[in-house]
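A, B, ... follow the sequence lines: proteins, then strands. Residue 1 opens every chain.
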Amino acid sequence: MFLLQASTTALFDVADLKLIAPEIILSLCACVALVMEVVLPYRKGRWVGYFALGATALAAASVCVLGWSMVAGFLHELPLVGRLVGPGSGGALGLTGFYGTVKVDGFAVVFKLIFLLSAALTVAVSLRYLDVEGEQRGEYYSLVLFATAGMTFLASGYDLIVLYISLELMALTFYVLVGYTKRERQSNEAGMKYFLLGAFSSGILLYGMSLLFGVAGSTNLGDIAPAVGRAALAATVEGGASLRPLVILAMIALGAGLFFKIAAVPFHMWAPDAYQGAPTSVTAFLSTGSKAASFALLARIFLEALGGMRVDWAPLLGLVAAVTIMVGNWAAVTQTNAKRLLAYSSVSNAGYLLLGVIAANQYGYTGLVVYLVVYTFMNVGAFGVLIALRRHGVAGDEVDDVTGLGQKAPGLALMMAIFMLSLGGLPVTGGFIGKWFLFGGVIQRGAAEGRDWYYWLAAWAAFNTVVSFYYYVRFIRAMYIGDREADARPLSLSAPLKTALVVCAVCVVLIGVYPQPLIKAAESVVTAVLPAAAPLAQR
Amino acid sequence: MKIPYLLSLVTWLPALGAVVVLFLFRKEQTGAIKRFATAWFALDFLLSLALLAYDRGAGGFQFLEDGEWIPVIGARYQMGADGVAVLLILLTTLLGWIASLSSWEYIQKREKEYYVLLLLLQTSVLGVFCAGDLFLFFLFFEVSLVPMYFLIGIWGGERRLYAAIKFFLYTLVGSVGLLLGLIKMYFLTQDAALVSAITPATKALVAGNDAARLMLDHSLAAAQQAGTGTFNIMFMQALGSVIPMGTMQVLLFFAFAIGFAIKVPMWPFHTWLPDAHVEAPTAGSVILAGILLKLGTYGFYRFNLPFFPKASIDQSYFWNGAFGVRNVMVVLAIISIIYGALAAMYFVVKRDGDVKKLVAYSSVSSMGVVMLGLFAANPNGLNGAVLHMINHGIYSGALFLLVGIIYERRHTRAVNEFGGLSHVMPGYAAVFLAMAMTAIGLPLLCVFISEFLAMRGAFEANPYWAGWAALGIILNAGYMLWLYQRMFFGNVENPKNEHLPDLKGREWAYMVPLLVMSLWIGVYPKPFIDFIQKPVAALVKHVRPDYPVNPAAPLRAPQTAERRADR
């Protein structure tokens, strides 16, 4: 009895459990969702969907409780609600538990909320999609919840093992989700491709992690950071040149693995196939939730663990970002399949998001967070519109399929136009605010370091947005210009899909017009989080 | 009478009208929609007349509004207009009404969307002229692309898709440069060393009056308290006086310049213009030529010159001191003048030249005159340039309307389809003549005044500039007269032209105001010059603090002084 007690207390502090409350909720709900369908009456798979929505809401609530000081700061800035809420303490939170392997800070809270948002929107748009496909089964929602659990773990993981396991939890469920419509060849092919390449990239990532462990002798990011800092400087410090090649190798291996996850060039090849083949609702989730989670991991690793070797990785990331932005945008220009086009657009957006990591200053982080939030809204929205167009037998995946939508369904067309213009980054939409901060961060970093290439990178990224407008506007052109209609049959939208789309469109515009609360929340993340990067910003 | 929030009212009223049209009218009520929209435009014009209360003696930014918007980045909802902006706002509201009235018969499909977009376009353009905050300005500047894209794309001619996307992307390239420059400029407002170097005199100069000065100080204080930069345009202008001349200022100058030069458009960035004009519906062309092009020149006037005063008058940055930023702009302006005129000439010489394309190229030429006047950077040149913006809006708007009128009747714009029209449509011929003479710069008509001032300014700066530009103006007269001859004189040879109806009441209704304005400015420009004189004088003083300001002095005095300064 005594022994048992001792061993449990040694394993973890029971109080720590509250740190992973959202993950516990998600995992439990996912298990329940799995058995729910067996219990439920025949053909009531939708109920599981609603249950999953409830689960994400519950998890979000628990995240809010955890990070109340931050959430309060956000609410305080809202026009009407603001009066009721105090200003919050500005995100000065950094709870660690499980012997430092889990760290719930502002960064984690914000990312968790982004994942839950993405999951909730995905579930809402899936309800109709799965009906159309005839695949309405509870296990789908269970998988979505498991993936979300993996993502949320990832955001607060502060240890290489935790990070890797949560990444794999997410990735494995996604392999299944991508191949979910098993009667469709494309979906199978996509799932297989994604699985093989994904497993390979995970291996490379793991290799990088093992090298880091070798250098630092610890898997904890907090311990790795100073060790890497020493090793990176070793070339200039007397008698310690030997470790530098090792950390460079680790950096490259980690970079390769992470570039795959965020679909950055040259590791983007899987994205178009996987995005096109996967069920559209999964594509929406993959391009927002999974991408955001991968960026959380990338930011944690590069900014915290490898924070000391910024000089080495900034040019590498800069090059990758520049090439990614170019390839993504130019490749999208020639696509006719809407999902494939959006896949390439998602590749280019990975490049834009990388700018935030490269800048690694207040503006850059704010841009990263703001853009990820906006991106979640606009991308899920765009895929949601494609889902709304889909009927059994009619794919609705081609850009041409939206032809004449402006006449047939003005509301839907208007929302699609908003999403497209926002993806391009036109002012008054959220996309502009995100890009403003990303470009601004890079320019500010260039001024701080006195290096010209930052300016060129910003200019390059900005000029490529013009290219992106070419293909985003193609949707708008097809919807409004030209008097033809793709087909005259009226659309039937389910209530959750409609709600999700309206929420997305309204949020995109609201963030564009009044971004104050979101920026404030993002800023408080920045000031409190990533302490390793703070001295860098001043350097 | 003082109307509170006047600028916001004028700006947002059309948008409100768009919402009303969108939700209160059914698609089929086309007659009601166009009447309502036109009345709404008229209402906005009448409201904007209240701007005539602008205190010409005080100058500077007036009708100020200041509200909190996005404190975390220091962007505020600030409105303010100086005399130049007031005139441009009035021009915009007038042309908006005319554009709406001229579309009644031209637009035959999807009328509801059309008027909604026209009203939205009006809001975004007015916002550009009213904005006192650079962030707000950029928002309006960019958003104006979307309605214009649709106007060209849906209601345009045969190659409308190509023209629309070309217009959209081309302008966007410029905006991107502008955006980058804007971000950098914003970070400079956080540079403590620069900010503290600004003298109170500079602030007072750019603000022009006490209320504006208060707004400037308040914006700065709010920004500094929050630890952000500020987008207040007046403050950025003041900041311009202390940015050191060097690579950064030159790059910033060109980042802004690319944004506005494409909009103007200056050669070699003009290629989108003929396409957009030819394909756009008449009203689209009127707005495009009359107002959207002014966004570019207004940008130069409002931002490039005062933000980067040293670069704007620099004559020695490139090629070991042989050539400067100002020379680049002036050379491009002169090329625009001559190239535009020659290209327009081509469309008269060509057998089936497109009249609309001719007018489009004459716009390129005319905007070159504006640019030349601006970069002459002396009171005469700037007065002329600003007045020429207004005048160009009047006459090119009128010419596009006239081309639209004949196109509605004949569904062609080829020069060789016409001939002897003066026999069939005497009223039309008379109006066309008046407007063609205006375009040429006949004395007593508006363009004469502005071209004269701009050329005199250019002459004071450098006689060679004026000489080359004059070449373009001669060509200008050449093609206009030739065009008139080919279209209106001789016998009616084409049987299709024999029974063309003359101008109708509605057409007279929108041509007459333009004729009156042309004559009024031509005969008695003083009221208009009064609006712009103070702001222009302040700008000259800001850009060239050592420029001799003495209006009573004889012509030679500033001339020699200036040429000494240029050497």
Original post:
Can you tell which of A:F439, A:F463, A:Y514 has the highest number of heavy-atom pairs within less than 4.5 Å of chain B?
Top reply: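 Counting heavy-atom pairs under 4.5 Å, the top option is A:F463.
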
Original post:
If you count heavy-atom pairs under 4.5 Å with chain A, which of B:V146, B:L169, B:V143 comes out on top?
Top reply: B:L169

**OP:** May I ask you to name which of B:L145, B:V72, B:L182, B:I70 has the most heavy-atom pairs under 4.5 Å with chain A?
**Re:** B:V72

**OP:** Would you sort out whether B:I73 and A:Y363 count as a side chain to side chain contact (heavy atoms under 4.5 Å, CB included), showing the intermediate values?
**Re:** CA-CA 10 Å; B:I73 57 171; A:Y363 255 61; 3.9 Å; yes

[X] portion near chain A, given a 4.5 angstrom heavy-atom threshold:
X: B:L139; value: both
X: B:Y186; value: side chain
X: B:L251; value: neither

Subject >> A:K435, NZ atom: more than 12 neighbouring heavy atoms under 6.0 Å >> reply: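 Enclosed: over 12 neighbouring heavy atoms sit under 6.0 Å from NZ of A:K435.
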
**OP:** Count the heavy atoms of every other residue, nucleotide or ligand shown that sit under 6.0 Å from CD of B:E158, and state whether that count exceeds 12.
**Re:** no

Spacing of [X] atom [atom1] and [Y] atom [atom2] [to the nearest 0.5 Å]:
X: B:I165; Y: A:Y470; atom1: CD1; atom2: OH; result: 6.5 Å
X: A:I443; Y: B:M185; atom1: CD1; atom2: CE; result: 13.5 Å
X: A:Q407; Y: B:K27; atom1: CD; atom2: NZ; result: 4.5 Å

Subject >> Region of A:I433 in contact with chain B, defined by heavy-atom distances below 4.5 Å >> reply: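 For A:I433, the side chain is the part near chain B, not the backbone.
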
Original post:
Taking only residues two or more places apart in sequence, or in another chain, which ones meet A:Y472 in a ring-ring contact (aromatic ring centres under 6.0 Å, His included)?
Top reply: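 Checked A:Y472 against ring-ring contact (aromatic ring centres under 6.0 Å, His included); zero matches.
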
**OP:** Taking all heavy atoms of B:G153 and all of A:I481, pick out the closest pair and write down the distance.
**Re:**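 For B:G153 versus A:I481, the nearest heavy atoms are O-CG2, 3.2 Å.
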
**OP:** Return each pair, listed once, that meets ring-ring contact (aromatic ring centres under 6.0 Å, His included) where at least one residue sits in residues 114-154 of chain B; pairs must be two or more places apart or across chains.
**Re:** A:F432-B:F135, A:F432-B:F138, A:W436-B:F135, A:Y480-B:F150, B:W12-B:F140, B:W69-B:F135, B:Y114-B:W155, B:F129-B:Y298, B:F135-B:F231, B:F137-B:F141, B:F137-B:F303, B:F141-B:F260, B:Y149-B:F168

